[in-house]
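Report on the structure given below.
Sequential numbering from 1 along the given sequence is applied to the chain's residues. Predicted, not measured: the structure shown is a model, and the values here were computed from it.
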Amino acid sequence: MNMLMCAPCLLGVEGLVSEELKDMGAQNVQSENARVFFEGDETILARANIWSRYSERILIVLDRFFATSFEELYQGVKALPWSEFIGSKDTFPVKGFSINSALHSIPDCQKIIKKAVVDSLSEDYNISWFEETGVVHQIKFSIMKDEVCIMLDTSGASLHKRGYRPQGNDAPIRETLAAALCRLSRLKHYHTLYDPCCGSGTILVEGALLANNIAPGICRNFDVDRWGFINESVWISERERCHDLIKTDTDFIAFGSDIDKNAVELTLANAKNAKVDKFVNAKVCDVKDFAPTTEKGTLVTNPPYGERMLDYKAAKQIYKTMGELFVSKYGWSYGIISPDEEFEKAFGRKADKRRKLYNGNIQCRYYMFFK
């Protein structure tokens, strides 16, 4: 049975999400701001959860309709086949957002949607009280320009939570964004990856997963696992497929460094947790002492900056140092993400390509140098 699904993502990576979903076999892939809609069966639903590197979660879309009154919202939600998904004892919280719409009160929208779902289930199960002690079916809604989208979250914990990073350093980069940076830098299985400001090692680990074609969700579970909605044979088949597709003969290697000893230890621990420690090396080293040991390299880094950990003067000094060290050279590319609009001035030269991205709620640009 084909379903309409949605993959929310960080602003700026919609194209990467669309590309990976098409590669998975999804149909009718269409991107909007910070989300990508697509169609597929239960196999695609399981595959998208296990394989998506760049999206934040996978949602089943139950309906999209317009509503400018609470009555229209109530009737639209109540008409949906809730009992096909939610059991009489299951838990079904509601959360969402509204932008540029007549129905702008989030708490009121939550109450109306909850009431509509309860009334629908009451009719189907012939009960008036729901104890909500069973498995979780997180109901999500978005209302944008009066268009309501009602969805069920199949992922549970966000897909950026791969499971290898139980703790981070002061300013971790989200795993999905780190993977996107590596993809935008065209990291390959025969490349050498460098990160001279490695922090907790997220870029290095995500680079290793990408280069070796290891599914990011290979070691975690998802809420939809517990629903009984997807046949167990599908999960078994998809996880076997994950193992079959891992590259076992790559030349990939990653080198990280950081001025903080604790960060380096965390990098090595996270690499071990992700089972890519044989590809990842890390040492204590100031960025000013960066000295690569290979003829070619792909450098991807998220240096500290004023809004995160350093004052602006110190951050600009790091950019200047990088500009002096990251020289144009055959076989080398450099990718640096920063929120500083004057980054190129401090770095000392214009990027060959730049991409607007978001690190959490901070608008950044990914500056790429490869010529």
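- Remark: side-chain polar atoms of Arg220 are paired, donor with acceptor, to backbone N or O of Ala157 under 3.5 angstrom.
- Put simply, the side chain of Trp82 does not reach to within 4.5 Å of the side chain of Asp124, judged on heavy atoms.
- In terms of heavy-atom proximity, Cys242 sits nearest to Ile218 at CB-CD1, 3.8 Å.
- With 3.5 Å as the limit, one finds no donor-acceptor pair spanning the side chains of Tyr190 and Thr250.
- With no hydrogens or angles considered, a side-chain donor-acceptor pair links Tyr366 and Ser185 at under 3.5 Å.
- With hydrogens and angles disregarded, no donor-acceptor distance shorter than 3.5 Å links the side chain of Asn262 to the backbone of Glu265.
- Here the closest heavy-atom approach between residue Val280 and residue Ala271 is recorded as CB-CB, 3.9 Å.
- The backbone N or O of Trp235 lies less than 3.5 Å from no partner atom in the side chain of Ser237, so there is not a single donor-acceptor pair.
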Check residues 322-333 and write down every donor-acceptor pair under 3.5 Å in which the side-chain atom is one partner and the other belongs to a residue at least two apart or another chain.
| unit_1 | atom_1 | unit_2 | atom_2 | d |
| --- | --- | --- | --- | --- |
| Glu324 | OE2 | Lys320 | NZ | 2.8 |
| Ser328 | OG | Lys371 | O | 3.3 |
| Trp332 | NE1 | Glu295 | O | 2.8 |

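- Using a 4.5 Å heavy-atom threshold, the side chains of Ser155 and Glu56 count as separate.
- Side-chain atoms of Ser257 and Val264, non-hydrogen and from C-beta on, never get closer than 4.5 Å to each other.
- At a cut-off of 3.5 Å, with distance as the only test, a side-chain donor of Asp119 or Tyr74 sits close to an acceptor on the other residue.
- Between the side chains of Gln138 and Asp223, no donor-acceptor pair is found at a separation under 3.5 Å.
- The shortest side-chain heavy-atom distance between Leu299 and Asp195 does not fall under the 4.5 Å cut-off.
- A donor-acceptor pair under 3.5 Å is formed between the side chain of Gln110 and the backbone N or O of Val94.
- With hydrogens and angles left out, the side-chain atoms of Glu131 and Thr133 include a donor and acceptor closer than 3.5 Å.
- Look at Arg53 and Glu175 and you find no salt bridge, because none of the NZ, NE, NH1 or NH2 atoms lies under 4.0 Å from a carboxylate O.
- Annotation: Arg354, atom CZ; neighbour count of heavy atoms from other residues, nucleotides and ligands within 6.0 Å is above 12.
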Give the C-alpha distance, both sets of side-chain angles, the deciding distance and a yes or no for ring pair (Phe, Tyr, Trp, His ring centres under 6.0 Å) between Tyr367 and Phe343. CA-CA 9 Å; Tyr367 299 94; Phe343 167 82; 4.6 Å; yes
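- The existence of a salt bridge linking Glu20 and Arg183 is excluded, since no basic side-chain nitrogen approaches an acidic carboxylate oxygen closer than 4.0 Å.
- Side-chain contact between Asp90 and Val136: absent, with no pair of heavy atoms (C-beta onward) separated by less than 4.5 Å.
- Using a cutoff of 4.0 Å between basic side-chain nitrogens and carboxylate oxygens, Glu132 and Lys114 are scored as salt-bridged.
- The minimum heavy-atom distance between Glu42 and Val234, with the atom names listed, is OE2-CG2, 3.3 Å.
- A donor-acceptor pair is defined here as one N or O able to donate and one able to accept, closer than 3.5 Å; no such pair exists between the side chain of Asn212 and the backbone of Leu209.
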Using atom types as modelled, flag every donor-acceptor pair under 3.5 Å from a side chain in residues 139-149 to any protein atom, sequence neighbours excluded.
| unit_1 | atom_1 | unit_2 | atom_2 | d |
| --- | --- | --- | --- | --- |
| Ser142 | OG | Arg35 | NH1 | 2.9 |
| Asp146 | OD1 | Ala102 | N | 2.8 |
| Glu147 | OE1 | Arg64 | NH2 | 3.1 |

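- Between Trp227 and Phe85, the ring planes are perpendicular. Angles over 60° get that label, and only those under 30° would be called parallel.
- When atom types are taken as modelled, the side chain of Thr154 and the backbone of Ile58 share a donor-acceptor pair closer than 3.5 angstrom.
- Heavy-atom minimum distance, Val118 versus Phe130: O-CE1, 3.8 Å.
- Two residues are said to be in side-chain contact when any heavy atoms from C-beta on lie closer than 4.5 Å; Leu193 and Val300 meet this criterion.
- In this structure, a donor-acceptor pair under 3.5 Å is present between the side chains of Glu72 and Thr68.
- The side-chain heavy atoms of Leu245 and Trp51, taken from C-beta on, include a pair separated by under 4.5 Å.
- Cluster membership check: Leu152 does not share its hydrophobic cluster with Leu59, using side-chain heavy-atom separations under 4.5 Å among Ile, Leu, Val, Met, Phe, Trp and Tyr.
- A side-chain donor from one of Thr298 and His191 sits under 3.5 Å from a side-chain acceptor of the other.
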Between Thr294 and Tyr194, is a side-chain hydrogen bond (donor to acceptor under 3.5 Å, both in side chains) present by the stated rule, with each step listed? CA-CA 10 Å; Thr294 57; Tyr194 286 91; 2.7 Å; yes
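- Not counting sequence neighbours, the partners of Asp340 by the salt bridge (charged side-chain N to carboxylate O under 4.0 Å, His left out) test are Lys316.
- Both the sub-6.0 Å distance and the 45° axial angle are satisfied by Arg349 relative to the ring of Phe369.
- Put simply, the side chain of Val61 does not reach to within 4.5 Å of the side chain of Ile150, judged on heavy atoms.
- Arg355 places a side-chain N or O within donor-acceptor distance of the main-chain N or O of Gly12, the cut-off being under 3.5 Å.
- Other residues, nucleotides and ligands contribute over 12 non-hydrogen atoms within 6.0 Å of the NZ atom of Lys78.
- Heavy atoms from other residues, nucleotides or ligands lying under 6.0 Å from CG of Asp244 number more than 12.
- With respect to Asp153 and Arg57, a salt bridge is recorded, a charged nitrogen being found less than 4.0 Å from a carboxylate O.
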